[in-house]
Structure formats: C-alpha cells, structure tokens
There are 2 protein chains.
Amino acid sequence: MTTTLVPVFAALGDETRWSILAALGEGDASASALAGRLPVTRQAIAKHLAVLQDVGLVEPIRVGREVRYRVIGSQLSDTAHRLDAIGAEWDRRLAAIKEIAEGL
Amino acid sequence: MTTTLVPVFAALGDETRWSILAALGEGDASASALAGRLPVTRQAIAKHLAVLQDVGLVEPIRVGREVRYRVIGSQLSDTAHRLDAIGAEWDRRLAAIKEIAEGL
DNA sequence: CTTGTCTGCAACTTCATGGTTGCAGATTAA
DNA sequence: TTAATCTGCAACCATGAAGTTGCAGACAAG
C-alpha cells in the first residue's frame, strides 16, 4: 500500500488528531469511548478517525455493536523513513550545488 | 531549535508547498522567480514561504534587492527522525498491550 | 417487546487558509 | 534623476475543514 505522502502529513498536522492517536496509544477504543476522554464531540472524533483511516494511520475493528480503532505504528515508521529519504536527497543535492558554486 | 512537530506536518501537508520545495531543490530562488515557474501568484508563494520559514524548513537570504530562499534539508531529516521515534514508541507500546491481552 | 446505547448520516455554523488584486516602499540600473 | 523591478502590506473572496446539534437506524440487554 503506497499511500501518497502529502495527505498523511496533512492528517498529522492537527493537534486534536494527535491527542486521538495518543489516547489510542493506551489501547484500542471506540469513537464514543474517546469522546469521554477528549474535550470534543463523538461526531468530531468520528470525522478525525475517518481522516486517519483514509491515510492508513488507524484501522477499525468491529467488536459487537461498537467499532474500536487501532493505531498502525508501522505506517508512522514508513512515513518517517520516506521523509528521511527525502531529507537525505535534499542534503545530497544541496551539497552538489554548493560544490558547483564553489567552482569545483 | 526544538520546533514543535505538529506545525511542521501542517506545513508539509500542502501540495503547493511541496512544489515550492521541489523548485527550491534546483537552487535558491526568490518568490518572484518561483512565481515564474509555478501556476500561482507571487504573493501566494510569499505566504507559503513565510509558513515554511516559520517552521524552519526554509531560510531567507538577501541578495541585493531580492530575497532568495534556501531549503534546510536537516530540518526534514530531524522531523523524520522524531516521527520515527514516535512510530517505534508506538510499536513498543502496542507490543506490550498485545502481551497483556494474551495473558502473558 | 422495550429500553439503552452505539453507530452513521445530514445540515449548519464558524473560522482558518489558499488564493487573488492592488498599491506603496525600496533599491538597483541606466 | 528617472525608470524598472522587486519586496511587503492590506483588503478581499471562496472554499474547506473543524466542530456542533439533531435524528434515524442497528443491536444488545433487560
């Protein structure tokens, strides 16, 4: 699953979403359960979970009549590695430009 | 410089900003120069550059009467490493929870 | 069967943001 | 000094996103 990188960053660029991820770090939870712990409505949380699910950061698990969500840590790591690769590429390129600029 | 992580992601969560970064990858450039290459106004680019500068992804360099911008690749790498650390932490925690759930 | 609880959909408000145009202030070049 | 060009600021528009309330449907428990 090669998720496009930019939407993942957009998803990670929201504080509320991070607090949801943090809360899910304590263990899987449903939107209703999360609403008890966070200062936002259940529906707001549901939307955020949809966003997180779209970019593959979270996965839904049906348990009876409720839907628990689980963080997919590997997606975090994957995103990190791809970003790191880009950063390295940039350093490489900038170094090359620097050499040219210095007349080497 | 310990930039807060979330705004950096928010900055990276925009396609136009990435095309600006990509264009800057070819070498330092001013907002006006970038406006020639990208399908948006100079002022729009100026705003994006301000956002990128705020989170430390880019740095301004005065050259005569113009202001060139340069990508700071290390900030990309730094962000990547911090994200990776979080991802690893998540895996660790989830593994712990899994063990508990399996009654170990 | 009825009741409580959980999900899902829809409409609506508010506010941030990406984008625009227009103009004034520097500053280099001629 | 004058003209050309670049930056910076301000106002403005439009869209999208975060958040809310309200309601209907599903399903487990009593």
Side-chain angles (χ1 to χ4, degrees), chain A residues 3-24 26-72 79, chain B residues 3-24 26-72 79:
Chain A
T3 343
T4 343
L5 209 48
V6 181
V8 179
F9 288 129
L12 291 177
D14 183 277
E15 303 278 1
T16 306
R17 235 119 58 192
W18 275 99
S19 45
I20 289 177
L21 288 175
L24 287 181
E26 313 285 326
D28 304 350
S30 67
S32 301
L34 290 170
R37 259 182 281 174
L38 299 176
V40 280
T41 322
R42 192 208 87 214
Q43 287 82 347
I45 292 179
K47 284 189 190 177
H48 284 302
L49 286 171
V51 173
L52 291 171
Q53 184 181 342
D54 278 347
V55 299
L57 281 171
V58 117
E59 117 194 287
I61 301 170
R62 285 215 81 97
V63 178
R65 75 177 144 182
E66 68 181 273
V67 180
R68 306 254 175 89
Y69 286 85
R70 168 171 304 172
V71 179
I72 303 179
T79 303
Chain B
T3 344
T4 344
L5 209 48
V6 181
V8 180
F9 288 129
L12 291 176
D14 183 278
E15 302 276 2
T16 305
R17 235 120 56 193
W18 275 99
S19 44
I20 289 178
L21 289 175
L24 286 181
E26 313 285 327
D28 303 350
S30 67
S32 302
L34 290 171
R37 259 183 280 173
L38 300 176
V40 279
T41 321
R42 192 209 70 188
Q43 288 82 345
I45 292 179
K47 283 189 190 177
H48 284 302
L49 285 171
V51 172
L52 292 170
Q53 185 180 344
D54 279 348
V55 299
L57 281 171
V58 117
E59 118 193 286
I61 301 170
R62 286 213 80 98
V63 178
R65 73 178 146 186
E66 65 182 273
V67 181
R68 305 256 176 88
Y69 285 85
R70 169 170 304 171
V71 179
I72 303 179
T79 304

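Throughout, a chain's letter reflects where its sequence line sits, starting with A, and its residues are numbered from 1. Keep in mind the model is a prediction, meaning the values are calculated, not measured.
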Note to self: Of the options dG19(C), dG19(D), dC9(D), whose atoms approach the side-chain atoms of R42(B) most closely?
What the structure shows: dC9(D)
Checklist line | Residue mapping more 5' on DNA chain D - nearest nucleotide basis, A46(B) or R17(A) | finding: A46(B)
Checklist line | Atom-pair distance (CG on L52(A); P on dA18(D)), nearest Å | finding: 10 Å
Check: How about L57(A) and L12(A): do any of their side-chain heavy atoms sit closer than 4.5 Å?
Finding: yes
Next item on the list: Round to the nearest Å and state the distance from D14(A) atom CG to dT17(C) atom P.
Entry: 11 Å
Notebook entry, point to check: Would you call L5(B) and T79(B) a side-chain contact if the rule is heavy atoms closer than 4.5 Å?
Noted result: yes
Notebook entry, point to check: T41(A) side chain: which of dT20(D), dC23(C), dG19(C) is closest?
Noted result: dT20(D)
Check: Is the phosphate of dC6(C), meaning OP1 or OP2, less than 4.0 Å from a side-chain N or O of S30(A)?
Finding: no
Note to self: As a test of reading the structure: which of dA18(D), dG19(C), dG22(D) is closest to the side chain of Q43(A), going by heavy atoms?
What the structure shows: dG22(D)
Next item on the list: Calculate the interatomic distance between R62(A) atom CZ and dA28(D) atom P; express it in whole Å.
Entry: 9 Å
Check: Rounded to the nearest Å, what distance is computed from the CG atom of residue L12(B) to the P atom of nucleotide dG18(C)?
Finding: 12 Å
Check: Please give, in whole Å, the distance from dA29(C) C1' to E66(B) CD?
Finding: 14 Å
Item checked: Pairwise distance CZ(R17(B)) to CD1(I20(B)) - rounded to 0.5 angstrom -> 8.0 Å
Margin query: From the set dC27(D), dG18(C), dT28(C), return the single nucleotide nearest to any side-chain atom of K47(B).
Written below: dG18(C)
Note to self: Using only modelled atom types and a 3.5 angstrom limit, is any donor from either the side chain of R65(A) or the base of dC27(D) paired with an acceptor on the other?
What the structure shows: yes
Item checked: Non-hydrogen side-chain atoms of V55(A) and F9(A) separated by less than 4.5 Å -> no
Next item on the list: Indicate whether OP1 or OP2 belonging to dG19(D) is found under 4.0 Å from a side-chain N or O atom of H48(A).
Entry: yes
Check: Can you tell me how far C1' of dA17(D) sits from CD1 of I45(A), to the nearest Å?
Finding: 16 Å
Next item on the list: Rounded to the nearest angstrom, tell me the gap between atom CD1 in I20(B) and atom C1' in dT17(C).
Entry: 14 Å
Next item on the list: Flag the pair L34(B) / L49(B) as yes when at least one side-chain heavy-atom distance between them is below 4.5 Å, and no otherwise.
Entry: yes
